[in-house]
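Predicted, not measured: the structure shown is a model, and the values here were computed from it. All chains are named by letter (A, B, ...) in the order of the sequence lines, taking the proteins before the strands, and each is independently numbered beginning at 1. Heavy-atom basis, side chains included; hydrogens, waters and symmetry copies ignored.
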2 protein chains.
Amino acid sequence: MDRGLRDLKREATREALAKAAFELTRERGLSGFVTADVVERAGYSRRTFGNHFSCKEEAVASVAFGGVDDASAILAGLPADLPLLDVLLAVMKTQFTTDALVRMRELMAMARRYPTLEPHVLGVQQRMRHTAQELLGSVAGDRYPTVYVPLLFGAVYGAVMAALEGTLDVDLGGEYDPSPASMDYSSFLDITFDYLRHGF
Amino acid sequence: MDRGLRDLKREATREALAKAAFELTRERGLSGFVTADVVERAGYSRRTFGNHFSCKEEAVASVAFGGVDDASAILAGLPADLPLLDVLLAVMKTQFTTDALVRMRELMAMARRYPTLEPHVLGVQQRMRHTAQELLGSVAGDRYPTVYVPLLFGAVYGAVMAALEGTLDVDLGGEYDPSPASMDYSSFLDITFDYLRHGF
DNA sequence: GAGCAAAATTGCCCAATGTGCACATCGATG
DNA sequence: CATCGATGTGCACATTGGGCAATTTTGCTC
C-alpha cells in the first residue's frame, strides 16, 4: 500500500500520535488529558494532530487497526481451488492474530469505560472488515454467487466480534483483563466454522 | 422500557432534535449547519442539545435507532419450543422492518458522503444489535450452549449489514436511491437462513 | 386541587476543539 | 538540480463541550 519514504513518514507520524493518545488514555483516562498533551508527548504540533485525526477518540481507536498487510503472501501459500470457507478460516487464523485481538479487546474494554470512544472503535473494526472482505473477494472470483462472499464474511466477522465482546462481560465493574484468557481463539474459530460448514 | 410521561417527553425532545439534525443534513449537508441551527429548528436551547448528544453526528445518526419495542408481543405469538433459528428469523422479519432498513440505508449512504458520520452510524447499529440480541437470549434459555446465541446472532446481523452495504455499492458516485429496490429483504432473509440452516 | 421532590431545560461562561489560510520543508519525479 | 506536490507548522477564529446554578416541568402524595 505505502509506496515510498514519504508515506512511511506520514504513517509514522500518525502512529506516534495514536500511540501517545492511547497511552495517555491508559494513564489518565480519556478525559484526563487534552490534545495538547498528546502532541507534546509525540513531539508534533496541535495542528498536525488535526491533519490526521478529527478528535482524541479517533486517534485512540486507530491504534487497534492492524492492517491486512501482505495479502499476496498469505494467499500464495493456499491452493487456488481451496473452498472459500477454508480460505476464510486461514485468513482469520493468520491475519487476525491473537496479538491484534488483544489490542482490539483492550480498546473495546476502554470503550465501555468511555462511551464516546465506542463509535470510533466500531469505525476501526469496520475498516478492518472492509479490508479483509476485499481480500477474500479477490480470491473468490466467480466461483460463488455474488451474495456469498459478503454473507459469509459478515457472518464470520459478526461471530468473532460477538465472541470478543463476550469475553468482556466476564469481568464487569472491576479492572479488565488485558489478556483474553477466557477465550481460546483458535478453537473458537474451529467451532464457529463447524457451525458455518454444517449448519446451525 | 419507558416508565412514564416524563420519559416520553424526554424522548420526544431527543427525537425532535435528532430529526431536525437529520433534515438539516439532508438539506445543507453535514457541514452546512451548526448546532445552533438544529436547536433553533427544533425549538430548544443549545445547552439542551448538549444534554442529549455530544455532537451533531450523534444526533443525526440516532434517527435510525428503531427500538425493539414490544418484545413480549412478538414472542407471545411464537411457540415456546420453536427452534432458535426460526425465532430469530421471525424477529428479523417483524422487528427489522423494511421501513427501519430504509432509514438505516439512507443513513449509511450519508455516512459515505460525510466520513465523520460513519462511526456514529455504527454506534447506532451496535445498540440495535445488543437490544435484539438480549431479546433473543431471553427466549433461548438453556436450550443451547452459551456461545450459540451470540454466534448465531452475530452471523445474521453481520450478514444483513453486509447485504445492506452491498445495495449502496450499486449507485456509486451519484445520488443514492433512498429505496433499496435492489434488495428484496424478505427473500434475502430466506436465502441467508437457508445458508445458516444447511451450511455454506 | 396543593405541595413537594426529582428531573428536564435553560443561560452563562470558558476551556478545548476544529479548521481555513499562509508558509516552510522535504520527498518524489524527471 | 529544479520543479512539484504533499506534509508539518503557526496563527486566528468560529464552534463546541460541559460545569454550575437558576428556572420550569413532571410525577406523586396528601
| message | In this structure, how many angstroms lie between the P atom of D:dG8 and the CD atom of A:E40, rounded? | response | 19 Å

| task | Can you tell me the distance, in whole Å, between the CG atom of A:L17 and the P atom of C:dT17? | result | 14 Å

| remark: In whole angstroms, the gap separating P of D:dG8 from CD of A:E15 amounts to 13 Å

| note | Here the distance between atom P of C:dT19 and atom OH of B:Y114, to the nearest Å, is 14 Å

| Where the side chain of B:H52 is defined as all heavy atoms beyond and including C-beta, which of C:dT9, C:dT17, D:dT7 is the nearest nucleotide? | C:dT9

| field | Residues A:E118, A:R113: salt bridge by 4.0 Å N-O rule | value | no

| Hey, is A:R28 close enough to A:D37 for a salt bridge, meaning N to O under 4.0 Å? | yes

| A:R129 bridged to B:E165 by N-O distance under 4.0 Å | yes

| Ionic contact status for B:D190 with B:K93, cut-off 4.0 Å | yes

| field | Proximity to the side chain of A:T48 - top-ranked nucleotide from C:dT10, C:dG18, D:dG8 | value | D:dG8

| Residue B:T35, side-chain atoms from C-beta onward, closest of C:dG18, D:dG8, D:dT16 | D:dT16

| query | Taking CD from A:E57 and C1' from D:dT16, how many angstroms apart are they, rounded to a whole number? | reply | 13 Å

| query | What nucleotide, of D:dT26, C:dG11, C:dT19, holds the atom closest to the side chain of B:K9? | reply | D:dT26

| said: Using a heavy-atom cut-off of 4.0 Å across all strands, would you classify B:R47 as base, sugar-phosphate, or nothing? | reply: base

| Would A:D86 and A:R197 pass as an ion pair if we require N to O under 4.0 Å? | yes

| remark: To the nearest angstrom, the CG-C1' distance between A:L8 and C:dG27 comes to 11 Å

| query | Nearest to the side chain of B:R46 - D:dG8, C:dC13, C:dT9? | reply | C:dC13

| query | Can you tell me how far C1' of C:dT17 sits from CZ of A:F33, to the nearest Å? | reply | 13 Å

| Over how many whole Å does the gap from A:E58 atom CD to C:dT17 atom C1' extend? | 14 Å

| query | For B:Y44 and A:F49, take the nucleotide of DNA chain C holding the closest heavy atom to each; which residue's nucleotide lies nearer the 5' end? | reply | B:Y44

| task | For D:dT25, take OP1 and OP2 only and decide whether either is under 4.0 Å from a side-chain N or O of B:R10. | result | no

